[in-house]
Amino acid sequence: MTTQHVEVITSVERRRRWSREEKERLVAACLEPNASVSEIARSAGIHAGQLFRWRKELCQILAPSVPQFMPVKVVTARPGPEAAETKSPPLPRKKTSTVTIELGRGRRIRVESDIDTEALGRILDVLERR
């Protein structure tokens with residue numbers, strides 16, 4: 001005959017209460033270089049999400065208050081007649097893109113599309129010689 005082990009729960013498990021010092025200690029451990037939040041949470045017997053929530057709460061409390069609005073004074077300035085004549089309207093900026101050039105033998109070079117073509121030619125000449 002085999003015996004079975006039965007566990008009887010007689011009360012409701014209550015939430016654990018963490019003091020502010022315990023929370024600060026665990027959050028400080030998470031902020032150390034190369035710290036693993038998962039390992040720290042596992043060793044404390046809590047979920048990693050709880051540590052992230054504590055970190056968010058404690059960092060908001062400790063952060064210095066920054067004013068939401070800054071005073072601004074609007075002044076209209078009129079340019080002189082010579083300044084208006086010398087300034088040209090700004091040119092619209094073109095979007096740059098990356099161009100990949102296959103050089104062969106598994107070599108490739110990536111350059112921005114607005115690169116100086118003469119400089120690119122010199123670079124390619126040097127790479128072709130190698």
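Bear in mind that the values here come from a model prediction, so they are computed numbers and not experimental data. Keep in mind that the numbers below use all heavy atoms, side chains included, and drop hydrogens, waters and symmetry copies.
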Summary of ring-ring contact (aromatic ring centres under 6.0 Å, His included) pairs that have at least one residue in residues 36-58, sequence neighbours excluded: W18-W54
Using a 4.5 Å cut-off on heavy atoms from C-beta on, say whether the side chain of R55 contacts that of L26. no
Using a 4.5 Å cut-off on heavy atoms from C-beta on, say whether the side chain of L58 contacts that of R20. yes
Heavy-atom count check: over 12 atoms from other residues, nucleotides or ligands less than 6.0 Å from E118 CD? no
Cut-off 3.5 Å, no hydrogens considered: what does the side-chain donor-acceptor table look like for residues 35-45, sequence neighbours left out?
residue: S36; atom: OG; partner: E39; partner atom: N; Å: 3.3
residue: S43; atom: OG; partner: E39; partner atom: O; Å: 3.4
residue: S43; atom: OG; partner: I40; partner atom: O; Å: 2.8

Rounded distance (nearest 0.5 Å) linking atom CZ of R122 with atom OG1 of T117: 9.5 Å
Closest approach of E22 and R17, non-hydrogen atoms and distance? OE1-O, 4.1 Å
Contacts of [X] that satisfy side chain to side chain contact (heavy atoms under 4.5 Å, CB included) - sequence neighbours left out:
X    : answer
E21  : S19
R110 : T98, T100, R108
I123 : I109, L127

My understanding is that only residues two or more places apart in sequence, or in another chain, count here; which of them pass side chain to side chain donor-acceptor pair (under 3.5 Å) with R53? Q50
